[in-house]
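The figures here come from the full heavy-atom set of this structure, side chains too, leaving out hydrogens, waters and symmetry mates.
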Amino acid sequence: MFSVSEDTPAEAADYFAQAVQQLHTVRDFVRFAVSRFNEAELFFGHGSDNARDEAVYLVLHTLNLPLDDIDSYWDARLLDGEKSDIAAVLARRVNERIPAAYLTHRAYQGGFEFYVDERVIVPRSFIAEVLGEPLRPWIEYDELVHSALDLCTGSSALAIQMAHHYPDAAVDAVDISLDALEVAAINVEHYGLEERINLIHTDMFEGLDGTYDLIVSNPPYVDAESVAALPDEYLHEPEIALGSGEDGLDAVREILARAPDLLNPHGVLVVEIGHNRDVLEQAFPQLPFVWLPTSGGDGFVFLLTKEHLDAARAES
């Protein structure tokens, strides 16, 4: 049986060339993709979580077909050029292990579509799920958010969703990477939010002199051991956006230390920390973390108020 891990690049290329010659329909290519993805033991974590969904997505996107209507096209026969285009995309996904979002330059979150490339991590923050209604116990009305900060904004996905949920808010979107801010600018312009989202090049809070009703951050939080064991797909993402010291908490420590001074009296801080809940609670036993429910569970995103942070600071 063909195996990407065992065949030479030339043999792999020949195998995909055979697909162009012998396969004919959308159904054929989705089946072929699923087989190759499973055989190559690809990792899915950048928009889909299984081979079938990713195969459907890549085939439909390459053919410029609606992503939500595979049933209408299962048995559509393809032109030779279309087959070649699909085979080329699938070959890159298998042989180079490039996340699908980088192959299509598209990522989807919370009903929004974003441009992405390898200058930014692929948007997948659970924070997108908790904006708006889920924060109602701490932010009674969306109109009460007049100023907001997206720290470590990357592609500006969260900043754009904040602007949507909080229509009266001016949003500062901060990143240390100029490359990331170039991608962020593409997305901000696409949604016509240049007047509401201010892109700022700085290191975390450095140089910020405003105060905010809401601060959110999906900072680097992968610990050193996990960084060393990341699947190949993650190695295409900017390293600076993933690792954060030996225990993964370097960025979060700075956020907890400096956020109190930038929050307004009734301000709220929301931070994603990956799988670091236990480590975080051990490091900061004085903080009454509120863990927000998400589709991944209740241990990935915490909330603290200005009052929480000030009280903890006063006790220390």
Side-chain angles (χ1 to χ4, degrees), residues 43-46 49 99 118-130 149-155 157-158 173-177 179-180 202-206 208 214-263 267-306 308-316:
F43 184 86
F44 306 101
H46 296 90
D49 61 6
E118 294 183 35
R119 291 175 288 180
V120 296
I121 63 171
V122 178
R124 52 187 180 274
S125 174
F126 289 121
I127 291 174
E129 301 176 11
V130 305
L149 171 64
D150 177 19
L151 198 66
C152 307
T153 191
S155 63
L158 287 178
V174 169
D175 207 286
I176 193 174
S177 167
D179 286 341
T202 192
D203 184 1
M204 299 294 279
F205 296 99
E206 201 64 35
L208 300 181
L214 174 62
I215 297 175
V216 308
S217 185
N218 179 29
Y221 55 63
V222 184
D223 63 54
E225 182 179 358
S226 297
V227 166
L230 286 172
D232 289 344
E233 280 82 354
Y234 286 103
L235 302 183
H236 291 275
E237 296 188 293
E239 183 178 355
I240 193 174
L242 297 172
S244 190
E246 189 65 27
D247 63 0
L249 295 183
D250 284 3
V252 175
R253 286 188 179 89
E254 182 169 355
I255 292 169
L256 293 175
R258 302 188 65 178
D261 298 326
L262 278 82
L263 283 170
V268 173
L269 171 69
V270 178
V271 181
E272 182 164 335
I273 50 86
H275 295 278
N276 292 332
R277 175 173 177 170
D278 290 344
V279 177
L280 181 69
E281 290 181 328
Q282 291 172 13
F284 296 92
Q286 75 279 18
L287 286 173
F289 294 104
V290 177
W291 295 98
L292 302 175
T294 71
S295 60
D298 62 358
F300 295 96
V301 177
F302 71 75
L303 177 148
L304 291 167
T305 65
K306 162 78 166 173
H308 291 150
L309 291 162
D310 284 347
R313 177 182 283 180
E315 293 174 4
S316 62

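Val122 is not listed as a side-chain neighbour of His236, based on a closest heavy-atom distance of 4.5 Å or more. In this structure, the side chains of Arg119 and Ser177 stay at 4.5 Å or more apart for every pair of heavy atoms. In this structure, the side chains of Asn276 and Phe302 stay at 4.5 Å or more apart for every pair of heavy atoms. At a threshold of 4.5 Å between non-hydrogen side-chain atoms, the residues Val252 and Pro219 count as touching. Counting heavy atoms from C-beta outward, Leu304 and Leu256 have side chains that approach closer than 4.5 Å. Proximity of Ile273 to Val279: side-chain heavy atoms (C-beta onward) are nowhere separated by under 4.5 Å. Annotation: side chain of Pro238 is in contact with side chain of Ile121 (closest heavy-atom distance under 4.5 Å). Side-chain contact between Ile127 and Asp150: absent, with no pair of heavy atoms (C-beta onward) separated by less than 4.5 Å.
A ring pair (Phe, Tyr, Trp, His ring centres under 6.0 Å) check over residues 269-288, counting only residues at least two apart or in different chains, returns the pairs His275-Phe300. The list of salt bridge (Lys or Arg N to Asp or Glu O under 4.0 Å) pairs with a residue in residues 269-281, not counting sequence neighbours, reads Arg277-Glu281, Arg277-Asp298.
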For Leu303 and Thr305, run side-chain contact (heavy atoms from CB on, under 4.5 Å): C-alpha distance rounded to whole Å, both residues' side-chain angles, the deciding distance at 0.1 Å, then the answer.
-> CA-CA 7 Å; Leu303 177 148; Thr305 65; 4.2 Å; yes
Could you go step by step and tell me if Arg258 and Ile215 meet the side-chain contact (heavy atoms from CB on, under 4.5 Å) rule?
-> CA-CA 11 Å; Arg258 302 188 65 178; Ile215 297 175; over 6 Å; no
Go through the steps to decide whether Asp261 and Arg313 satisfy the test side-chain contact (heavy atoms from CB on, under 4.5 Å), and finish with yes or no.
-> CA-CA 11 Å; Asp261 298 326; Arg313 177 182 283 180; 2.8 Å; yes
Decide side-chain contact (heavy atoms from CB on, under 4.5 Å) for Leu151 and Phe205; before the verdict, give the C-alpha distance in whole Å, the side-chain angles of both, and the deciding distance to 0.1 Å.
-> CA-CA 8 Å; Leu151 198 66; Phe205 296 99; 3.5 Å; yes
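Judged purely by atom type and a 3.5 angstrom limit, Ser155 has no side-chain atom pairing as donor or acceptor with the backbone of Val120. Listed for the Gln286 side chain is no donor-acceptor partner under 3.5 Å among the backbone atoms of Glu315. Of the possible donor and acceptor atoms, none in the side chain of Lys306 sits under 3.5 Å from a partner among the backbone N and O of Val268.
Across every non-hydrogen atom of Ser217 and Cys152, the tightest pair is OG-SG, 4.1 Å. Scanning both residues, Gly296 and Phe126, for their nearest heavy atoms gives N-CE2, 3.6 Å. Shortest non-hydrogen contact noted between Pro260 and Asp310 is CB-OD1, 3.8 Å. What you find for Ser226 and Val222 is that their closest heavy atoms are CB-CG1, 3.5 Å.
Heavy atoms from other residues, nucleotides or ligands lying under 6.0 Å from CD of Glu225 number 12 at most. Leu242 CG: more than 12 foreign heavy atoms inside a 6.0 Å radius.
Distance check: Phe43 CZ to Asp49 CG gives 10.0 Å after rounding to the nearest 0.5 Å. The line from CG of Leu158 to CG of Leu149 is 11.5 Å long, rounded to the nearest 0.5 Å. Separating the CG atom in Asp175 from the CG atom in Asp203 is a distance of 9.5 Å, to the nearest 0.5 Å. Taken to the nearest 0.5 Å, the CG atom of Leu309 stands 6.0 Å off from the CG atom of Leu287. Here the CD atom belonging to Gln282 is positioned 10.0 Å from the CG atom belonging to Leu249, to the nearest 0.5 angstrom.
In this structure, Phe289 has its ring center no closer than 6.0 Å to that of His308.
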